[in-house]
Amino acid sequence: MTIDKKFIDQFIKVTSKAAYASSLFIGKKDKIAADKAAVDSMRSQLNKINMTGEVVIGEGTLDEAPMLYTGEILGTKNGPNFDIAVDPVEGTNFVANNLPGGLTVLAIAEKGNLFNAPETYMNKIATGKIEKGLIDLDYPLNKNIKNLSEYKNKDISSLTVCILDRPRHKKIIDELKDLNVNIKLITDGDVMGALYVSDPKYNIDMFMGIGGGPEGVLAASALDAYNCFFQGSFIFKTDEDKNRAKKMGINDFDKKYEINEIVSGDSIFCATGITSGDLVGGIKLNKDTFSSETLVTHKSSGLNKIIKLEEILEANNT
Ligand code: VTB
């Protein structure tokens, strides 16, 4: 089974409108308002689509979030069954502070094919297409770097690794420096960080480090369409984390998930820019319209490109 191409445009519209809604809060120093605007828009637009879509990654559980909560069913219920993963504003700091890289992100797979990730951290590693067994979360860092350098036939000193700038990554960052690898530190937004490995034009050879689990699933669903490598392992710190995971069917807490265990079958991924970034431009306001740029992938048709959209500004645009 594949997801009909007609849905691509519909989902691009969803993320574009949500990005527009959030863009009204660019630089307003209000992360919550920027997120809420995108959530409200996304939910109302998804409800117009002829599908039965279940949110598997959303804003949290029903008692944490009234909208786009995990398990919420969206759509007209007159169409195919989908799993939906959303991150209405990936990088709320970017939007609140008018910094590059704020995105509205959505991934869709056929029912039962998208991993229902717990709201915990995930240790992640991603590269472009490689041979099986070349890179692994369990290998020492210098082995992963050496293997990648040999495989790509690039000197270690010309490899670049992207990682979130966090104290928890100090050891890795120090070791990368000692290895003479180039480092690209990002302050937030590790969906984009992971997506850098999808195209040589971004000049990132490897993405790694600990970030959000849901963001890992979203990144993996896009990287799947590029045949990239991604591995992720959840970090369950407390008993509460572990109990929640058990309820979600996770019994092996150290398991490393490969892309095909995170997303299988056909999928569509859309990431629309709210503020301009390396991946896509941000929302632009024109006289009577707004324009958006969306990175879209559709696994079965091999589509991966940036789509520009212009929408009429209406009172109820969001
Ligand atoms: C992570 C990362 C996200 O927020 O969730 C991060 O995956 C929060 O990490 O892309 P910390 O708890 O270390 O601050 C993002 O950067 C943005 O939502």
Side-chain angles (χ1 to χ4, degrees), residues 15 18-19 22-23 25-26 29-39 42 56-60 64-65 68 70 85-107 115 117-126 137 161-173 183-198 202 204 206-223 230-238 240-241 244 257 262 269-280 282 295:
T15 51
S22 185
S23 76
F25 294 89
I26 291 176
K29 278 275 181 196
D30 190 343
K31 294 199 284 187
I32 294 170
D35 194 52
K36 187 177 182 304
V39 169
M42 207 174 213
V56 297
I57 287 181
E59 294 289 286
E64 290 161 348
L68 299 180
T70 316
V86 298
D87 194 351
V89 180
E90 160 65 352
T92 46
N93 284 324
F94 294 153
V95 178
N97 299 319
N98 196 357
L99 293 169
L103 296 170
T104 293
V105 185
L106 169 76
F115 193 79
E119 295 265 337
T120 51
Y121 281 116
M122 184 192 247
N123 193 13
K124 318 171 190 182
I125 193 159
L137 279 174
V161 172
C162 176
I163 185 163
L164 269 173
D165 190 8
R166 293 291 186 277
R168 61 176 176 268
H169 294 145
K170 183 175 184 318
K171 202 168 155 262
I172 300 176
I173 294 168
I183 303 167
K184 178 172 173 75
L185 289 179
I186 50 173
T187 58
D188 259 311
D190 79 347
V191 172
M192 180 156 85
L195 284 177
Y196 282 141
V197 305
S198 65
Y202 302 120
I204 302 290
M206 188 190 282
F207 165 79
M208 65 186 299
I210 296 170
E215 286 85 347
V217 172
L218 282 160
S221 48
L223 293 178
F230 179 95
Q231 213 178 45
S233 158
F234 293 102
I235 298 169
F236 303 109
K237 280 200 190 124
T238 61
E240 196 192 334
D241 285 348
R244 211 182 307 155
Y257 293 87
I262 296 175
F269 172 91
C270 298
T272 302
I274 305 170
T275 54
S276 288
D278 291 337
L279 230 51
V280 278
L295 173 78

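First listed ligand is number 1; within each ligand, the first listed atom is number 1.
- Residue G212 approaches ligand 1 through these ligand atoms, each under 4.0 Å from one of its heavy atoms: 1 (C), 2 (C), 5 (O), 7 (O).
- Put simply, the side chain of D241 gets close to the backbone of K237: a donor and an acceptor are under 3.5 Å apart.
- Between L223 and S198, the closest side-chain pair of non-hydrogen atoms falls below 4.5 Å.
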Practice problem: With ring-ring contact (aromatic ring centres under 6.0 Å, His included) as the test, would you mind laying out the steps for F207 and F230 before giving the verdict? | Solution: CA-CA 9 Å; F207 165 79; F230 179 95; 7.8 Å; no

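- Heavy-atom contacts of G189 reach the following atoms of ligand 1: 10 (O), 15 (C), 16 (O), 17 (C) (cutoff under 4.0 Å).
- When hydrogens are left out, the protein atom nearest atom 8 (C) of ligand 1 is R166 NH2, 4.1 Å; that is the closest non-hydrogen contact.
- For atom 7 (O) of ligand 1, the nearest non-hydrogen atom of the protein is D190 OD1, 2.7 Å.
- Distance alone, capped at 3.5 Å, places no donor-acceptor pair between the E59 side chain and the V39 backbone.
- Using a 4.5 Å cut-off on side-chain heavy atoms (C-beta onward), I186 and D165 make no contact.
- At least one heavy atom of R168 lies less than 4.0 angstrom from ligand 1.
- Close approach to Y121 involves these atoms of ligand 1, each under 4.0 Å from a residue heavy atom: 11 (P), 12 (O), 13 (O).
- Ranked by closest heavy atom to atom 15 (C) of ligand 1, the top entry among D35, D188, I210 is D188.
- Residue, atom and distance of the protein heavy atom nearest to atom 10 (O) of ligand 1 are E90 OE2, 2.7 Å.
- What sits closest to atom 3 (C) of ligand 1 on the protein, heavy atoms only, is E215 OE2, 3.7 Å.
- Within the 3.5 Å criterion, the main-chain N or O of V89 finds no donor-acceptor partner in the side chain of T104.
- Short contacts between ligand 1 and G211, defined as distances under 4.0 Å to a heavy atom of the residue, involve ligand atoms 7 (O).
- The main-chain N or O of L137 is found under 3.5 Å from a side-chain atom of Q231 such that the two form a donor-acceptor pair.
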